[in-house]
Undergrad: 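The structure follows.
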Amino acid sequence: MNKNFLPISIDIANEKILIIGGGLDALKKIRILQRFDAHVEVLAKDVCDEIKNSGVKYIEAEYDKQFLKDYLMVYSCANNDVLDRQIVKDANEAGVLVNIHDKPALCQFVSPAIYRHGKITVAVGSNGEDVYESIRIRNLIKEKINFN
C-alpha cells in the first residue's frame, strides 16, 4: 500500500495524546510531544523508570480499546505486530488518529524530523520511508540557519 502523507502543522497544546508502550521508543515520543505542550499519557503493562520520572501520567495495564476514549491521537510504541494492528482497528473505529512506531504502512500520520526555534518550526519528512535521511537534512538545515 502506497502512502502519501500531507505535511501539516497541528495545534496539540493541551490535547490528550496516548502513547501505548512503556519503553525508550515511547520516551522519545514523550519528549517530542512535550515540546508542543501536549497532555501526554502512557499506557503499558511495563513502564520504564525514565517514563515514570518524566512527569507524564502513566497507567500500568494491558491495552484495551476503552483506553482510547477522549484522545486526539495515539502513538503505539508497543513493538507488537498483533497489538499494533488491533490498535489501528480500534483507533479507526474510535475516530482517533493513529501512528504505529516504525510502521508507516499502518499509520494515519507520521511525524517528521523537527527543528524548532521560537516560533519557527522546520519539519522534514520522507513520507515515512527514510527517517534517517529526514533527520540528516533537518540537521543540515539547523546548521545553516542562524537565529542570532
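Being a predicted model, the structure only gives us computed values, none of them experimental.
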Undergrad: Do Ser134 and Val124 have side chains that get closer than 4.5 Å, going by heavy atoms?
TA: yes

Undergrad: For a side-chain contact (heavy atoms from CB on, under 4.5 Å) check, start with the C-alpha distance between Ser126 and Tyr132, then their side-chain angles and the critical distance, and finish with the verdict.
TA: CA-CA 9 Å; Ser126 62; Tyr132 294 109; over 6 Å; no

Undergrad: Please check: side-chain N/O of Arg138 versus main-chain N/O of Ile114, any donor-acceptor pairing under 3.5 Å?
TA: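 Yes.
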
Undergrad: To the closest 0.5 Å, what do you measure between CD1 (Ile17) and CD1 (Ile12)?
TA: 4.0 Å

Undergrad: Sequence neighbours excluded and cut-off under 3.5 Å, please list the side-chain donor-acceptor pairs for residues 82-99, or say none.
TA:
from  : atom 1 : to     : atom 2 : distance (Å)
Asp84 : OD1    : Ser76  : OG     : 2.5
Asp84 : OD2    : Lys103 : NZ     : 2.8
Arg85 : NE     : Asp81  : OD2    : 3.3
Gln86 : NE2    : Asp90  : OD1    : 2.8
Gln86 : NE2    : Asp90  : OD2    : 3.3
Lys89 : NZ     : Glu93  : OE2    : 2.9
Asp90 : OD2    : Tyr63  : OH     : 2.7
Asn92 : OD1    : Gln108 : NE2    : 3.3
Asn92 : ND2    : Val88  : O      : 3.1
Asn99 : ND2    : Phe109 : O      : 2.9

Undergrad: Side-chain atoms of residues 50-62: list all donor-acceptor pairs with protein atoms under 3.5 Å, sequence neighbours left out, distances to 0.1 Å.
TA:
from  : atom 1 : to    : atom 2 : distance (Å)
Asn53 : ND2    : Asp49 : O      : 3.1
Ser54 : OG     : Ile51 : O      : 2.7
Ser54 : OG     : Val56 : N      : 3.4

Undergrad: Hey, quick one: are Tyr75 and Ile10 part of the same hydrophobic cluster, counting side-chain heavy atoms closer than 4.5 Å, chains of contacts allowed?
TA: yes

Undergrad: Linking Ile, Leu, Val, Met, Phe, Trp and Tyr by side-chain heavy atoms under 4.5 Å, what else ends up with Phe5?
TA: Val110

Undergrad: Under the side chain to side chain contact (heavy atoms under 4.5 Å, CB included) test, which residues partner Asp46, sequence neighbours left out?
TA: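 Asp46 satisfies side chain to side chain contact (heavy atoms under 4.5 Å, CB included) with no other residue.
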
Undergrad: Measure the spacing between CD1 of Ile19 and CE of Met73 and express it to the nearest 0.5 Å.
TA: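 Here the interatomic distance stands at 11.0 Å.
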
Undergrad: Show which side-chain atoms of residues 23-45 pair as donor or acceptor with protein atoms under 3.5 Å away, not counting sequence neighbours.
TA:
from  : atom 1 : to     : atom 2 : distance (Å)
Asp25 : OD2    : Asn79  : ND2    : 3.3
Asp25 : OD2    : His101 : NE2    : 3.4
His39 : NE2    : Glu41  : OE2    : 2.9
Glu41 : OE1    : Tyr71  : OH     : 2.4

Undergrad: Please identify each residue that fulfils side chain to side chain donor-acceptor pair (under 3.5 Å) with Arg136, with sequence neighbours left out.
TA: Glu133

